[in-house]
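Notes to accompany the following structure.
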Amino acid sequence: QLVFIEYGGSKICICGDLEKPAWEKIIQKIDVQNHLKGTHVFVAPHHGHDNGYHDEIFKHCTDLDCVIISDKELMYDTQDAMANTYAQHVRNGVNFKGATPARKVLTTRSDGHLWLRFDPYGNRFFQNFIIG
C-alpha cells in the first residue's frame, strides 16, 4: 500500500511493505509518478531492506529532504548499506538535533521514536522522543 499525505506544501510518502516486483508495476502509473514529485519525506518500504528499494522511484521523487527507515536492531549487513543508498537520493537533509551536516536518513533503530511536524507554511520539523 502506498500513501501520500500532503499539508501546507509538505508531502510525505509512506510505502508500507512494497517490494521491488510491486514497484515495477506501480511506478508505471502516471498518477504515482506525479505524487512522487514534490515528496519531501519518504518512508522507506519494507523497513529499508534492499528488496523494497527501486531506483526508478527517485527519478520522480527529486525534492527529498529526508528518508525515514523504520527498523529494529542491526540484523542484516544490508541495513547500513541501504541507509547510504537512500541518502544519495536526498537533496539537502534535515536539521535533526542540531546535527551537522544535515541528516539525510533517520532510522528508528538509532533515532528512536520520531515526530514530524508540518506547519501550514511548508516548514518541516523533526525530533525524537521517548515513550515510557
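Predicted, not measured: the structure shown is a model, and the values here were computed from it. Just the heavy atoms: all of them, side chains too, but no hydrogens, waters or symmetry mates, feed the values below.
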Tell me the closest heavy-atom pair linking [X] and [Y], and the distance in Å.
{"X": "V105", "Y": "A83", "value": "CG2-O, 3.4 Å"}
{"X": "A44", "Y": "C15", "value": "C-CB, 4.5 Å"}
{"X": "R124", "Y": "H40", "value": "NH2-CD2, 3.4 Å"}
{"X": "H60", "Y": "I27", "value": "CD2-CD1, 3.9 Å"}

**Asked** Hey, are N51 and H46 close enough side-chain-wise for a donor-acceptor pair under 3.5 Å?
**Response**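 Yes, a side-chain donor-acceptor pair sits under 3.5 Å.
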From [atom1] ([X]) to [atom2] ([Y]), nearest 0.5 Å:
{"X": "I69", "Y": "H49", "atom1": "CD1", "atom2": "NE2", "answer": "9.0 Å"}
{"X": "D63", "Y": "T39", "atom1": "CG", "atom2": "OG1", "answer": "8.5 Å"}
{"X": "L106", "Y": "S70", "atom1": "CG", "atom2": "OG", "answer": "12.0 Å"}
{"X": "C61", "Y": "H35", "atom1": "SG", "atom2": "NE2", "answer": "12.5 Å"}

State plainly whether one hydrophobic cluster holds both [X] and [Y], where clusters connect Ile, Leu, Val, Met, Phe, Trp and Tyr through side-chain heavy atoms under 4.5 angstrom apart.
{"X": "F42", "Y": "L18", "value": "yes"}
{"X": "V41", "Y": "I5", "value": "yes"}
{"X": "W23", "Y": "V3", "value": "no"}
{"X": "V94", "Y": "I14", "value": "yes"}

Under a 3.5 Å distance rule, please check whether [X] uses its side chain to pair with a backbone N or O of [Y] as donor and acceptor.
{"X": "S10", "Y": "E6", "answer": "no"}
{"X": "N34", "Y": "K37", "answer": "no"}
{"X": "H47", "Y": "D71", "answer": "no"}

**Prompt:** Centroid-to-centroid, F118 to F125, below 6.0 Å?
**Reply:** no
**Request:** Fit a plane to each ring of Y53 and Y86, take the angle between them on a 0 to 90° scale, and name the class: parallel (under 30°), tilted (30 to 60°) or perpendicular (over 60°).
**Result:** perpendicular
**Validation row: F96, N128 side chains within 4.5 angstrom (heavy atoms)** =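 Yes, close enough: below the 4.5 Å cut-off.
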**Asked** Taking the side chain as C-beta and beyond, is there a heavy-atom pair between I12 and V43 under 4.5 Å?
**Response** yes
**Pairs where residues 81-98 contributes a residue and the test salt bridge (charged side-chain N to carboxylate O under 4.0 Å, His left out) is met, not counting sequence neighbours** = D65-R91
**Message:** Heavy-atom count check: over 12 atoms from other residues, nucleotides or ligands less than 6.0 Å from Y121 OH?
**Reply:** no
**Message:** For A102, give me all partners under side chain to side chain contact (heavy atoms under 4.5 Å, CB included), at least two apart in sequence or on another chain.
**Reply:**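 For A102, no residue satisfies side chain to side chain contact (heavy atoms under 4.5 Å, CB included) once neighbours in sequence are set aside.
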**Message:** One thing to verify: whether D111 and R103 come together as a salt bridge, which I'm taking to mean a side-chain N less than 4.0 angstrom from a carboxylate O.
**Reply:** yes
**Request:** Taking salt bridge (charged side-chain N to carboxylate O under 4.0 Å, His left out) as the test, write out the residues that go with E56, two or more places apart.
**Result:** K59
**Request:** Step by step, work out the side chain to side chain contact (heavy atoms under 4.5 Å, CB included) result for F58 and L36.
**Result:** CA-CA 8 Å; F58 302 101; L36 286 169; over 6 Å; no
